[in-house]
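All values below were derived from every heavy atom in this structure, side-chain atoms included, with hydrogens, water molecules and symmetry-related copies excluded.
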Amino acid sequence: MAELDQLWVNMLDAASKKAVESGRHDVADYLRLKLANDTIRTTAVAWFFESAIEAASQASLPHPNLKIERKQPHSFAIGTANMVGALIEVKLGVRCVVFEAGWVRTPSDGIMRNGSLAHARIRHFGLPRQNAEFRLVRAEPLPVWRDDNGAELRTEEINRHIEMFLGG
């Protein structure tokens, strides 16, 4: 998937240069914005997954049977929109917690609502009240993951979900 993402960046960059050469500065501006947003999305989603993997890896020390699996590409629905991204599944026996994040990639995937750049979700199988959803939104000085109540997603929250998964 990283090669596909790099190919996409190269294609956007080439298209932007071609638009400037042909005098289509409006198109070039849009493509630069798209490239900037995709860079922000990629960075934020990488942080989300790296934090989940780090928390799960720490939890695996006293739990050698804990399994961490990544699925990419992965699609999931948020409302009527189709998010494309990846999924991290953490399993211990019959218990499972899933971390998934992505964004719409094509017009047929739908639209991102409420100024969202990307979406992330944490799902606890068997504990639906513990599930959480987050939107990546612009903020100063950097974009942040926020839930519907406006609370910011931090590493401590990801750690809390792993502890909850382990029954703690």
Side-chain angles (χ1 to χ4, degrees), residues 1-16 30-61 66-79 81-92 96-107 109-125 130-166:
M1 189 73 167
E3 293 125 14
L4 183 58
D5 288 339
Q6 186 57 48
L7 178 63
W8 179 248
V9 167
N10 293 343
M11 288 173 59
L12 282 176
D13 189 43
S16 178
Y30 167 78
L31 292 172
R32 280 193 288 272
L33 176 63
K34 171 84 173 120
L35 184 57
N37 285 345
D38 284 351
T39 300
I40 291 167
R41 291 174 176 120
T42 301
T43 303
V45 167
W47 171 85
F48 177 71
F49 287 133
E50 288 166 9
S51 298
I53 291 168
E54 175 66 25
S57 295
Q58 289 297 318
S60 72
L61 297 175
L66 188 136
K67 293 183 179 153
I68 305 167
E69 298 176 1
R70 183 179 189 123
K71 178 183 173 191
Q72 190 171 357
H74 168 70
S75 297
F76 60 102
I78 297 289
N82 179 53
M83 304 296 140
V84 178
L87 167 143
I88 302 290
E89 195 171 56
V90 183
K91 294 180 180 181
L92 182 63
C96 181
V97 63
V98 171
F99 297 83
E100 54 192 343
W103 62 91
V104 297
R105 305 293 171 104
T106 65
D109 286 331
I111 60 170
M112 305 288 289
R113 298 203 181 272
N114 301 321
S116 300
L117 293 167
H119 282 272
R121 185 160 64 186
I122 303 172
R123 293 184 295 133
H124 294 265
F125 289 102
Q130 302 305 322
N131 294 350
E133 290 191 11
F134 303 92
R135 295 179 304 118
L136 181 65
V137 294
R138 292 192 183 278
E140 290 298 326
L142 297 170
V144 295
W145 291 105
R146 293 199 190 278
D147 67 14
D148 288 338
N149 298 320
E152 190 174 322
L153 175 64
R154 299 186 182 277
T155 306
E156 297 80 20
E157 178 71 4
I158 292 173
N159 291 337
R160 189 183 71 76
H161 280 278
I162 291 293
E163 289 171 14
M164 194 182 327
F165 155 71
L166 292 172

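- Under 4.0 Å is where a charged nitrogen must lie from a carboxylate oxygen, and between Glu163 and Arg160 no such pair does.
- Considering only heavy atoms from C-beta on, Glu89 comes within 4.5 Å of Cys96 through its side chain.
- With contacts defined as side-chain heavy-atom distances shorter than 4.5 Å, the pair Phe99/Ile162 qualifies.
- Ile111 has its side chain out of reach of Val104: every pair of non-hydrogen atoms, C-beta onward, lies at least 4.5 Å apart.
- Judged by distance alone, with hydrogens and angles left aside, the side-chain atoms of Asp147 form a donor-acceptor pair with the main-chain N or O of Asn149 at under 3.5 Å.
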| said: Set out, in order, the CA-CA distance, both residues' side-chain angles and the distance that settles side chain to side chain contact (heavy atoms under 4.5 Å, CB included) for Val97 and Phe125, then state yes or no. | reply: CA-CA 6 Å; Val97 63; Phe125 289 102; over 6 Å; no
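- Counting only heavy atoms from C-beta outward, the side chains of Gln72 and Leu87 never approach each other to under 4.5 Å.
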| request: Verify side-chain hydrogen bond (donor to acceptor under 3.5 Å, both in side chains) between Ser51 and Trp47, making sure each step is shown before the conclusion. | output: CA-CA 6 Å; Ser51 298; Trp47 171 85; 3.3 Å; yes
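- In this pair, His161 and His124 present their aromatic rings parallel. The plane angle is below 30°, not in the 30 to 60° band.
- Of all heavy-atom pairs spanning Ser57 and Ser60, the tightest one is O-OG, 2.6 Å.
- Scanning all heavy atoms of the two residues, the minimum distance from Leu92 to Leu66 falls at CD1-N, 3.7 Å.
- The cationic atom of Arg70 (NZ for Lys, CZ for Arg) lies less than 6.0 Å from the six-membered ring centre of Phe49 and within 45° of the ring axis.
- Panel note: side chain Arg135, backbone Asn114; a donor-acceptor pair is recorded below 3.5 Å.
- Within 6.0 Å of the CZ atom in Arg113, the count of heavy atoms belonging to other residues, nucleotides or ligands does not exceed 12.
- For the pair Ile158 and Phe48, the minimum side-chain heavy-atom distance is below 4.5 Å.
- Between the Thr39 side chain and the Leu35 main chain, a donor and an acceptor come within less than 3.5 Å of each other.
- Looking at Glu152 and Arg154, a side-chain N of the basic residue comes within less than 4.0 Å of a carboxylate O on the acidic one, giving a salt bridge.
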| task | Under the side chain to side chain contact (heavy atoms under 4.5 Å, CB included) rule, what do Met83 and Asp109 come out as? Steps first, then yes or no, please. | result | CA-CA 7 Å; Met83 304 296 140; Asp109 286 331; over 6 Å; no
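- Ile78 has its side chain within reach of Arg121: a pair of non-hydrogen atoms, C-beta onward, lies under 4.5 Å apart.
- Contact between Arg41 and Ala118 at its shortest, heavy atoms only, is CG-CB, 4.4 Å.
- Annotation: side chain of Glu69 is not in contact with side chain of Ile88 (no heavy-atom distance under 4.5 Å).
- Contact check for Trp103 versus Asn82: no side-chain heavy atoms found under the 4.5 Å cut-off.
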| said: If you apply the rule side chain to side chain contact (heavy atoms under 4.5 Å, CB included), what do you find for Leu136 with Val144, and how did you get there? | reply: CA-CA 5 Å; Leu136 181 65; Val144 295; 5.7 Å; no
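- Shortest non-hydrogen contact noted between Ile40 and Pro143 is CG2-CG, 3.5 Å.
- Under a 3.5 Å cut-off, the side chain of Arg105 and the backbone N or O of Val84 do form a donor-acceptor pair.
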| task | Show your working on side chain to side chain contact (heavy atoms under 4.5 Å, CB included) between Val45 and Trp145 and close with a plain yes or no. | result | CA-CA 10 Å; Val45 167; Trp145 291 105; 4.1 Å; yes
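- Checked against Arg123 for a side-chain hydrogen bond (donor to acceptor under 3.5 Å, both in side chains), the options Glu100, Gln130, Glu133 give a single hit: Glu100.
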